[in-house]
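We count residues from 1, following the sequence as given. Quick note: numbers below take in every heavy atom, side chains included, and nothing from hydrogens, waters or symmetry partners.
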Amino acid sequence: MNSDFKTYLIQNANLSEEQYFELIHNVQSKSIKKGDFLLRSGEVCLYSFFVNKGLLRSYTIDKSGKEHIIQFAPEGWIITDRSSSFFYESSDLYIDAIEDSEVFFLEDKFFDNLSCISPEFAKSNTQALHNHIRNLQNRINMLLGATAQDRYLQFVKMYPAILLRIPQWMVASYLGITPESLSRVRKELTRKSKTE
């Protein structure tokens, strides 16, 4: 098992080496090729996906065939469809790989076992869930009322390390604007930075 996942667990759960190896002996790690799917709309999401290496995204496709990106997940992030997983319902989401990736497939029982072993992780996991909800609420507010420029600046703050790793149409999809509008926003920000 790669040390990045181990570091994540040790930092968030304060595990000993023995506890770590006890927990991960049933955890699957898979190499995922760029473009491969981990979840398709209509399937039940059975796992949370820890990105050890690479980059994933979740998105929906509307009736006209247009993609709407919900989340990006670079290294050290977890991505899933919580609603599908928790309620055991068909997902509306697709999750696929933007880059060749190494992913850990985590079942709910993994998190249950980890929380039993580590009260620190139970607290950390609850904090992460509330942070996720807060970010989704902020995202909804931004989509409903913020300018395209403000949305872009928020995106840069949220995902500073992936700007050069994803095509601009994906950034535009996440922001809910056209690629042309994104190009105008970026030009305007460049112009402002040169005059300040």
Side-chain angles (χ1 to χ4, degrees), residues 4-5 7-9 11-13 37-39 41 45-62 66-87 89 91-99 101 103-108 110-112 114-115 118 120-179 181-182 185-186 189:
D4 291 337
F5 185 55
T7 300
Y8 167 82
L9 289 179
Q11 285 177 349
N12 289 282
F37 286 89
L38 292 94
L39 178 70
S41 179
C45 186
L46 300 176
Y47 300 97
S48 293
F49 307 103
F50 178 90
V51 183
N52 208 56
K53 178 184 175 190
L55 182 61
L56 307 181
R57 66 175 174 148
S58 66
Y59 61 97
T60 60
I61 300 178
D62 66 22
K66 184 178 178 183
E67 290 183 10
H68 302 277
I69 295 177
I70 308 298
Q71 181 187 352
F72 294 101
E75 290 86 357
W77 285 50
I78 292 176
I79 190 169
T80 189
D81 181 342
R82 290 181 185 271
S83 177
S84 173
S85 177
F86 188 82
F87 295 105
E89 297 174 341
S91 179
D92 294 326
L93 297 180
Y94 295 85
I95 298 177
D96 68 6
I98 299 173
E99 301 172 350
S101 301
V103 178
F104 288 86
F105 288 61
L106 308 174
E107 297 177 326
D108 284 345
F110 171 83
F111 293 102
D112 293 340
L114 186 51
S115 294
S118 169
E120 292 97 333
F121 179 79
K123 185 177 179 182
S124 171
N125 198 40
T126 299
Q127 177 88 18
L129 177 58
H130 288 300
N131 193 48
H132 180 69
I133 293 167
R134 179 179 64 179
N135 287 331
L136 287 176
Q137 288 174 334
N138 288 341
R139 175 107 190 273
I140 291 167
N141 288 335
M142 294 293 283
L143 288 171
L144 291 174
T147 66
Q149 188 173 109
D150 287 341
R151 281 185 248 168
Y152 178 73
L153 292 171
Q154 182 63 28
F155 174 85
V156 171
K157 185 178 176 184
M158 182 84 160
Y159 296 110
I162 69 168
L163 271 175
L164 300 178
R165 296 168 63 183
I166 56 176
Q168 291 306 295
W169 71 264
M170 285 190 184
V171 177
S173 171
Y174 178 89
L175 298 176
I177 61 177
T178 65
S181 294
L182 175 59
V185 165
R186 293 180 58 156
L189 287 170

- Query: Is the side chain of S91 donor-acceptor paired with the backbone N or O of C45 at a distance under 3.5 Å, no angle test?
  - Reply: no
Inset, instruction - Answer yes or no: is there a donor N or O on one side and an acceptor on the other, between the side chain of N125 and the main chain of F121, under 3.5 Å? - result: no
(request) Give a yes or no on whether the backbone of I95 and the side-chain of S58 come within a donor-acceptor separation of less than 3.5 Å. (result) no
Fill in: Whether R165 side chain and G54 backbone form a donor-acceptor pair below 3.5 Å
yes
- Item | Stepwise side-chain contact (heavy atoms from CB on, under 4.5 Å) test for L55 and V51 | CA-CA 7 Å; L55 182 61; V51 183; 6.0 Å; no
So does N131 get a backbone contact from the side chain of N135, meaning a donor-acceptor N/O pair under 3.5 Å?
yes
Inset, instruction - Would you sort out whether Y174 and I166 count as a side-chain contact (heavy atoms from CB on, under 4.5 Å), showing the intermediate values? - result: CA-CA 11 Å; Y174 178 89; I166 56 176; over 6 Å; no
Indicate whether any N or O donor in one side chain lies under 3.5 Å from an N or O acceptor in the other, for E120 and S118. yes
Residues at least two apart in sequence or cross-chain that pass side-chain contact (heavy atoms from CB on, under 4.5 Å) with F105, listed by chain then number, are Q28, K30, I32, L38, Y47, F49, V103
Whether the side chain of S173 engages the backbone of W169 through a donor-acceptor N/O pair (distance < 3.5 Å, no angle test) should be reported. no
**Report entry** Parallel, tilted or perpendicular, as decided by the 30° and 60° cut-offs, for the rings of Y159 and F155
**Finding:** tilted
Interatomic distance, CG@L136 vs CD@Q71, rounded to 0.5 Å, equals 7.5 Å
